[in-house]
**Student:** 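Take this structure first; my questions come after.
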Amino acid sequence: MSDPFDLDDDIPNPFQPAPRRAEPAPVPADAVWLVGLNPEQTEAVTTTEGPVLVLSGAGTGKTRVLTSRLAQILAGRRAQPWQILSVTFTNRAAREMKERVGHLVGPAAESLWLGTFHSLCVRILRRHAEAVGLKSNFTILDSDDQLRLLKQVMEGEHIDTKKWPAQALMGAIQRWKDRGLTPDKIGPDLAGDLAGGRAQVLYRHYQERLLTLNAADFGDLLLHCLTLFLSHPDALAQYQDQFRYILVDEYQDTNVAQYLWLRLLAQKHKNICCVGDDDQSIYSWRGAEVGNILKFERDFPGAKVVRLESNYRSTPHILAAASGLIANNADRLGKTLRPGIRHDPSEVEKVRVRGVWDGPEEARVVIEEIEALQRKGCSAATIAILVRAGFQTREFEERLITTGIPYRVIGGPRFYERQEIRDAMAYLRLVNSPDDGLAFERIVNLPKRGLGDAALQAVHAVARARAFPLFEAARLLVETDELKPKPRGALTKFCADVLRWRGLLDDLPHTELAEMILDESGYVEMWKNDKSAEAPGRVENLKELVRALADYENLQSFLEHVALVMENDQKDGVDKVTIMTLHGAKGLEFDNVFLPGWEEGVFPHQRAMDEGGNAGLEEERRLAYVGLTRARKRVLVTFAANRRIYNQWQSALPSRFLDELPAADIDRDAERGLIGSWQQSSRPKQPAAWAAPLRDQAGDFEAGDRVFHQKFGGGVVLAVDGDKLEIEFDQAGIKKVLDSFVEPA
DNA sequence: GGGTCCCCGTTTTTT
DNA sequence: ACGGGGACCC
């Protein structure tokens, strides 16, 4: 990938050499954070000076290395806490690291610059907002707002959003931001024929609208920071000077913008330690560049590379299975996981693979296994079902409900992304900052107040004409007689309400004010009167929102927090089976892992291969690797011969990943001849010798043949595609079926 | 301005 | 099958 910025020129540094600091102090070798580290870990922790790349395989103790390293730097008095920048991707990781460092070094942990890329960027941008055209109290938009805003921009440019979906352009803009590309960097080559070839203009207008609204989207947080650094060398120099030590977690997930950000900040002291695993790079589709990790040594000459390969999590069979699988990928930095702990031989099981007839049977089998585990004394919390895609969760949930096993599904709409929460938040935002035009639009007619398109258009017209925020414009508009009496009255009342609530900001505790707003606006009432099944849950969620407010000092800090930390407060600690996607499982571990749906098209996912080609397939394989390495003790991989997708039965082929698991570490449960079908139908690069007789036995079919199928009964072959037959069944209609499941009739 | 019908899409997801 | 969103009509 070409570099959007040329960083080869030295950026002038108006600050003179770093202020004097206390002499580094020797750290005793028996410091608590060094005890029990293996030699590689010790090297990663104690090599504090200069660039270090830590290639840490799954389960090799990277969080321990990161936290120990922080302790080492602090204890060695090499820097003050605020001179250390420690970056993670998720709030979860940031929280965990803060907690663990806190245990090692005490309150000093509080002063570290430790957080997600985005939260750290916000921290910097609030100080320098003017430099990028924002005010320091800028708001951060969620994806909903972003899309609505872009749609408006597109409509303003008379783009047919039916032909050119805003969603697609939004995606492109996000990818550009991921790569640090501002609108002026988007040439025709990049823009393509997106949005009728006008993508660059639309991107520019979108950015202008954001500035007018004093708002930034998530991508902007990085992008604006880069702009700040490049246009204000003094500001950059200040941060370069300040951050003597930089630590980066999950480096394989960094996008180009984050990479540039790090490279700029590390340029002075060059004490940057990146920890990552190229084999666990599973986010290329949202801009992550594995290339960043691959070229670290080029970017930081003289970098020390440490490989962590001792795995303290999984049994040897699981490690071998995962290693065998991932070995099928080209372009790896190359690591070999080896067991770092002794496993009780009586407890070590091979990875099990089992074929089943269809989705429901798969759920039944998995849940039976779960019950067996529970009988053996495993608690539900040690069990996870990791799926490729969200739609796979349903069958497991149904089965778990009927058997009464407690479970939780991680993922799905997050609390702060729910409609009712966003609406309520819009009320709070508008009261907190009346220029929040997006918030105004969202709720001005919610609950319905008889303000439709016409009224909103009128407000927009005034806003444009006077360059006022929407709320101000509305206040002006109701003074005129432009609106019909009914909407005019409604809008007058709405404006008066907002002003009244605003007047109470300082006088009323913010939780009470929020309650008052949700009540007096009629918003809660709206859901209470709603007959739909979800309505009561929504009312509950609104109550929960008010409760959450109580944890913050005021409305402002709450809104700030929510924008950045959009997460589910999953009530943990309860003994439940976890169902989540493979993506969601990265970084977690479980004693018992179920990996269902290993079928061609599902996993590897068809779209990943269609759109990503071989690179897409390799990323799917890394995902499989992530899945296997989540397990400490037991793995059961399943695949179904038939699956209903979009309510259509389709025959499925076992995933090619199954063929890639080393036989010596796998138990293949033979069941109903399904394994036969797997072996027979697996797509060997060249047909296996033993496959032929099986195929002959099954018989070759051709169109017109009369056949019989165990489940669907009699039918006639319509078409043959390799080992797949299209059959019109007498009772069941037209279906695609593997030839091994039918016999000549 | 609000209700109804039809058409489209339907991997992964953090911040 | 199903839900969301847009177009269309009252």
Side-chain angles (χ1 to χ4, degrees), chain A residues 87-94 115-122 140-144 146-148 151 155 160-163 165-168 171 174 177-178 216-223 250 253-255 257-258 281-288 386-394 410-414 416-417 419 445 447-457 483-484 486-487 490 532 534 560-568 580-587 597 601-612 616 619-620 622-624 626-627 644-649:
Chain A
V87 198
T88 63
F89 269 82
T90 64
N91 290 300
R92 187 176 77 196
T116 62
F117 276 102
H118 293 84
S119 69
L120 294 164
C121 282
V122 168
I140 300 161
L141 299 189
D142 62 37
S143 53
D144 220 55
Q146 290 172 35
L147 198 60
R148 282 192 301 146
K151 219 175 252 175
E155 277 156 12
D160 180 359
T161 49
K162 194 133 197 195
K163 192 168 172 202
Q167 190 68 257
Q174 273 166 356
K177 290 185 176 180
D178 287 341
D217 67 22
F218 278 109
D220 282 338
L221 299 178
L222 258 300
L223 196 63
E250 306 276 20
D253 285 340
T254 48
N255 60 36
Q258 290 158 338
S281 163
I282 54 174
Y283 285 111
S284 73
W285 48 273
R286 60 181 205 210
L386 307 182
V387 298
R388 174 64 182 86
F391 74 85
Q392 292 173 267
T393 63
R394 211 197 73 241
I410 310 259
R414 280 165 295 173
Y416 289 111
E417 277 174 354
Q419 185 192 340
N445 195 35
K448 302 232 174 351
R449 302 183 168 91
L451 296 165
D453 236 25
L456 204 56
Q457 286 306 319
L483 291 180
K484 298 197 180 113
K486 251 169 111 182
S532 65
E534 316 87 75
E560 163 95 341
H561 171 86
V562 166
L564 237 39
V565 189
M566 287 266 231
E567 65 183 337
N568 247 349
M580 62 165 85
T581 64
L582 289 159
H583 282 92
K586 194 167 78 154
V602 175
F603 192 36
H605 198 278
Q606 194 58 47
R607 245 174 102 168
M609 295 185 288
D610 291 347
E611 290 168 17
E619 182 149 315
E620 293 289 296
R622 291 194 289 270
L623 202 47
V626 167
R644 198 169 61 181
I645 292 171
Y646 310 135
N647 237 33
Q648 275 222 300
W649 279 100

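Proteins get letters first, then strands, A, B, ... in listed order; numbering begins at 1 in each.
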**Student:** By salt bridge (Lys or Arg N to Asp or Glu O under 4.0 Å), which residues pair with A:Lys151, not counting sequence neighbours?
**Tutor:**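 Counting only residues at least two positions away or on another chain, A:Lys151 forms no salt bridge (Lys or Arg N to Asp or Glu O under 4.0 Å).
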**Student:** Considering only the P atoms, how many Å lie between B:dT11 and C:dG4, rounded to the nearest integer?
**Tutor:** 16 Å
**Student:** Any ion pair linking A:Arg286 and A:Asp178 (charged N to carboxylate O, less than 4.0 Å)?
**Tutor:**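 So A:Asp178 does not pair with A:Arg286 through a salt bridge.
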**Student:** Expressed in angstrom and rounded to an integer, what is the separation of A:Arg92 atom CZ from B:dT13 atom C1'?
**Tutor:** 12 Å
**Student:** So which one's nearest nucleotide on DNA chain B is more toward 5', A:Leu221 or A:Lys448?
**Tutor:** A:Lys448
**Student:** Less than 4.0 Å between a side-chain N and a carboxylate O, is that true for A:Asp253 and A:Lys586?
**Tutor:** yes
**Student:** Any pair with a residue in residues 603-612 of chain A that passes side chain to side chain donor-acceptor pair (under 3.5 Å), sequence neighbours left out, goes on the list, sorted by first then second residue, please.
**Tutor:**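 Matches after skipping sequence neighbours: A:Gln606-A:Asp610, A:Arg607-A:Glu611.
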**Student:** May I ask you to say what A:Lys177 touches in the nucleic acid, namely base, sugar-phosphate or nothing, with a heavy-atom cut-off under 4.0 Å?
**Tutor:**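 Counting heavy atoms under 4.0 Å across all strands, no contact is made by A:Lys177.
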**Student:** For the pair made of CG in A:Asp142 and C1' in B:dT14, what is the distance, rounded to whole Å?
**Tutor:**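 Distance check: A:Asp142 CG to B:dT14 C1' gives 13 Å.
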**Student:** May I have the distance from A:Asn255 (atom CG) to B:dT13 (atom P), rounded to whole angstrom?
**Tutor:** 18 Å
**Student:** Which part of the nucleic acid does A:Asp253 contact within heavy-atom distance under 4.0 Å: base, sugar-phosphate only, or nothing?
**Tutor:** nothing
**Student:** Taking the side chain of A:Ala454 as its heavy atoms from C-beta onward, which of B:dT15, B:dG1, B:dG2 lies nearest to it?
**Tutor:** B:dG1
**Student:** For A:Ile140 and A:Val122, run side-chain contact (heavy atoms from CB on, under 4.5 Å): C-alpha distance rounded to whole Å, both residues' side-chain angles, the deciding distance at 0.1 Å, then the answer.
**Tutor:** CA-CA 9 Å; A:Ile140 300 161; A:Val122 168; 3.8 Å; yes
**Student:** Report the distance from atom CD of A:Glu417 to atom C1' of B:dT15, rounded to the nearest whole Å.
**Tutor:** 10 Å
**Student:** Would you please name every residue forming a ring pair (Phe, Tyr, Trp, His ring centres under 6.0 Å) with A:Phe603, sequence neighbours left out?
**Tutor:**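 Ring pair (Phe, Tyr, Trp, His ring centres under 6.0 Å) list for A:Phe603, sorted by chain: A:Trp598, A:Phe657.
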**Student:** How many angstroms lie between CD in A:Glu250 and OG1 in A:Thr88, if you round to the nearest 0.5 Å?
**Tutor:** 9.0 Å
**Student:** What are the 5'-most and 3'-most nucleotides of DNA chain C lying under 4.0 Å from any heavy atom of chain A?
**Tutor:** C:dA1 to C:dA7
**Student:** Measure all distances between protein nitrogen or oxygen atoms and nitrogen or oxygen atoms of nucleotides 4-12 of chain B, and list the pairs falling under 3.5 Å.
**Tutor:**
| unit_1 | atom_1 | unit_2 | atom_2 | d |
| --- | --- | --- | --- | --- |
| B:dT11 | OP1 | A:Arg607 | NH1 | 2.3 |
| B:dT11 | OP2 | A:Tyr646 | OH | 2.9 |
| B:dT11 | O4' | A:His605 | NE2 | 3.1 |
| B:dT11 | O2 | A:Arg388 | NH1 | 3.2 |
| B:dT11 | O2 | A:Arg388 | NH2 | 2.2 |
| B:dT11 | O4 | A:Glu611 | OE1 | 3.4 |
| B:dT12 | OP1 | A:Gly390 | N | 2.6 |
| B:dT12 | O4' | A:Arg388 | NH1 | 3.0 |
| B:dT12 | O2 | A:Trp285 | NE1 | 3.2 |
| B:dT12 | O2 | A:Arg388 | NH2 | 3.3 |

**Student:** Would you say A:Asn445 places a side-chain N or O within less than 4.0 Å of OP1 or OP2 belonging to B:dG1?
**Tutor:** no
**Student:** Relative to the ring of A:His583, is the ring of A:Trp285 parallel (under 30°), tilted (30 to 60°) or perpendicular (over 60°)?
**Tutor:** perpendicular
**Student:** Over how many whole Å does the gap from A:Phe218 atom CZ to B:dT15 atom C1' extend?
**Tutor:**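 So the CZ-C1' distance, A:Phe218 to B:dT15, works out to 4 Å.
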**Student:** Who passes side-chain contact (heavy atoms from CB on, under 4.5 Å) against A:Ala454, sequence neighbours left out?
**Tutor:** none
**Student:** Could you tell me the separation between the CG atom of A:Asp144 and the C1' atom of B:dT15, rounded to a whole number of Å?
**Tutor:**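 Going from CG in A:Asp144 over to C1' in B:dT15 covers 15 Å.
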